[in-house]
Amino acid sequence: MRLLLVEDDDHVAAALSAILKKHGFDVTHARNGEEALQALLPAANAGRAPFGVVLLDLGLPDQDGYQVCGKIRKLTTTPVIMVTARADVRSRIHGLNLGADDYVVKPYDTGELLARIHAVSRRSVAPDTDDATGAAGPGGGTDAAAPLRLGSLSIELPTRRVSVEGAEVQLTRKEFDLLALLAQRPGVVFRREQIISEVWRTSWEGTGRTLEVHVASLRAKLRMPALIETVRGVGYRLVAPAA
């Protein structure tokens with residue numbers, strides 16, 4: 001897999017690149033936001049994705065990493081993992097709202113980072129595969145051709161579009177997968193382990209924090225804080241809103 005590493009610290013980039021290459025990645029290093037965009041631009045213009053994943057540091061010298069993420073999202077759907085020392089929940093939610101697929105806080109364990117890279121790369125391929133074969137999305141058992149309507153909320157599985165009161169809401173890939181999983185069985189409690197397995201395609205326990213952030217982001221984007229209910233000690237369930 002080709003991987004774009006956006007990191008201004010050459011020492012950090014060199015050490016991480018060496019580890020990634022040992023695990024079979026072909027790494028391209030960009031030292032700032034402009035270099036990253038220039039690396040992505042030719043393939044984006046040709047309608048193809050040159051990289052399997054982008055690792056994006058937020059503390060870049062020429063522009064903030066959040067800005068770079070927004071620009072990347074306009075160019076390509078390539079998965080983006082933000083890698084940063086900004087550990088507060090607001091920063092995580094902001095990054096995910098801008099289109100990041102995952103968020104890793106420095107200092108991190110390299111095994112954790114590798115697991116997240118493989119997880120987002122698997123998820124970036126799965127939606128297209130499901131749509132092409134007509135198979136159900138996460139959770140299964142639902143007619144993919146019929147929109148899910150829960151009160152003012154509408155979820156179109158084939159086109160991956162979500163709207164509230166007719167207004168489309170922009171969700172990231174994993175936000176949509178999480179919402180679709182819960183919405184196909186409203187009222188049913190999904191265990192955290194089950195959600196992580198079906199949405200992130202991994203059993204790695206460290207993904208739990210990412211799940212919490214994605215739930216918070218969904219509540220905020222849909223402006224329905226009571227839509228996804230936390231079942232303490234178990235997991236989450238979707239509470240169907242009134243029509």
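For clarity, every value in this text was computed on a predicted model and none was experimentally measured.
The other members of the hydrophobic cluster of V231, by chain and number, are V189, V234 (side-chain heavy atoms under 4.5 Å, ILVMFWY only). Residue Y66 is found in a hydrophobic cluster whose other members, listed by chain and number, are L58, M82, L98, Y103, V105; membership requires side-chain heavy atoms under 4.5 Å apart, directly or through intermediates.
Interatomic distance, OG of S154 versus CD of E156, reported as 5.0 Å (0.5 Å rounding). Distance CG/L16 to CG/D9: 11.0 Å, rounded to 0.5 Å. A distance of 15.0 Å separates NZ of K174 from CG of L179, quoted to the nearest 0.5 Å. We find the CG-OH distance between L114 and Y108 to be 9.5 Å, quoted to the nearest 0.5 Å. Rounded to the nearest 0.5 Å, atoms CZ (F190) and CG (L181) are 4.5 Å apart. Separation of atoms CE (M224) and OG (S152) is listed at 3.5 Å; rounding is to 0.5 Å.
Between the side chains of S217 and N97, at least one donor N or O sits under 3.5 Å from an acceptor N or O.
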Test side chain to side chain contact (heavy atoms under 4.5 Å, CB included) on T28 and L3 and set out the steps.
CA-CA 6 Å; T28 297; L3 185 148; over 6 Å; no
Side chain to side chain contact (heavy atoms under 4.5 Å, CB included) between L55 and V104, worked out:
CA-CA 10 Å; L55 295 183; V104 177; over 6 Å; no
Salt bridge (charged side-chain N to carboxylate O under 4.0 Å, His left out) between E168 and R160, intermediate numbers included:
CA-CA 11 Å; E168 187 171 351; R160 300 177 67 83; over 6 Å; no
Begin from the C-alpha positions of Q184 and L157 and carry the test side chain to side chain contact (heavy atoms under 4.5 Å, CB included) through to its verdict.
CA-CA 10 Å; Q184 290 180 72; L157 298 179; 4.3 Å; yes
Does the pair L171 and L178 meet the rule for a side chain to side chain contact (heavy atoms under 4.5 Å, CB included), with working shown?
CA-CA 10 Å; L171 300 181; L178 172 58; over 6 Å; no
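Both V188 and L153 are members of a single hydrophobic cluster when ILVMFWY side chains are connected at heavy-atom separations under 4.5 Å. Hydrophobic clustering, with ILVMFWY side chains joined whenever heavy atoms are under 4.5 angstrom apart, keeps V12 apart from L113. V239 and L211 are not part of a single hydrophobic cluster, where members link through side-chain heavy atoms under 4.5 Å apart.
Partners of D88 according to the side chain to side chain contact (heavy atoms under 4.5 Å, CB included) rule, which considers only residues two or more places apart in sequence or in another chain, are R86, R90, S91. Residues satisfying the side chain to side chain contact (heavy atoms under 4.5 Å, CB included) criterion with A183, sequence neighbours excluded, are L148, L150, I155, L238. With sequence neighbours excluded, the residues forming a salt bridge (charged side-chain N to carboxylate O under 4.0 Å, His left out) with R191 are E193, listed by chain and number. Among residues two or more places apart in sequence or in another chain, the side chain to side chain contact (heavy atoms under 4.5 Å, CB included) test is passed with P61 by D8, N32.
Applying the side-chain hydrogen bond (donor to acceptor under 3.5 Å, both in side chains) test to residues at least two apart or on different chains, none of the pairs has a partner in residues 15-27. For residues 218-233, the salt bridge (Lys or Arg N to Asp or Glu O under 4.0 Å) pairs, not counting sequence neighbours, are E175-K221, E229-R237. Under the salt bridge (Lys or Arg N to Asp or Glu O under 4.0 Å) criterion, the residue pairs touching residues 28-42 are D10-R31, with sequence neighbours excluded.
Note: F176 and H214 fail the aromatic proximity criterion, with ring centroids not under 6.0 Å apart.
Residues P79 and R173 come closest through the heavy atom pair CG-NH1, 4.0 Å. Pairing each heavy atom of V120 with each of I81, the nearest pair is CG2-CD1, 3.7 Å. In terms of heavy atoms, T172 sits closest to A100 at CG2-O, 3.9 Å. Taking both residues in full, the closest heavy atoms of R92 and A87 are given as NE-O, 3.3 Å, listed atom of the first, atom of the second, then distance. The two residues I93 and A216 make their nearest non-hydrogen contact at CD1-CB, 3.9 Å.
Here R116 pairs with E112 in a salt bridge; the nearest charged N to carboxylate O distance falls below 4.0 Å.
Taking 4.5 Å as the limit, every side-chain heavy atom of M1 sits out of range of all side-chain heavy atoms of F51. Taking the side chain as every heavy atom from C-beta outward, D57 and V83 never approach each other to under 4.5 Å. Annotation: side chain of R2 is not in contact with side chain of F25 (no heavy-atom distance under 4.5 Å).
Judged purely by atom type and a 3.5 angstrom limit, H29 uses its side chain to pair as donor or acceptor with the backbone of E7.
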Which donor-acceptor pairs under 3.5 Å do side chains of residues 67-74 form with protein atoms, sequence neighbours excluded?
residue : atom : partner : partner atom : Å
Q67     : OE1  : D64     : N            : 3.3
K71     : NZ   : Q63     : OE1          : 2.8
R73     : NE   : G99     : O            : 2.9
R73     : NH1  : T76     : O            : 2.9
R73     : NH1  : T78     : O            : 3.1
R73     : NH2  : T78     : O            : 2.9
R73     : NH2  : G99     : O            : 3.3
R73     : NH2  : D101    : OD1          : 2.8

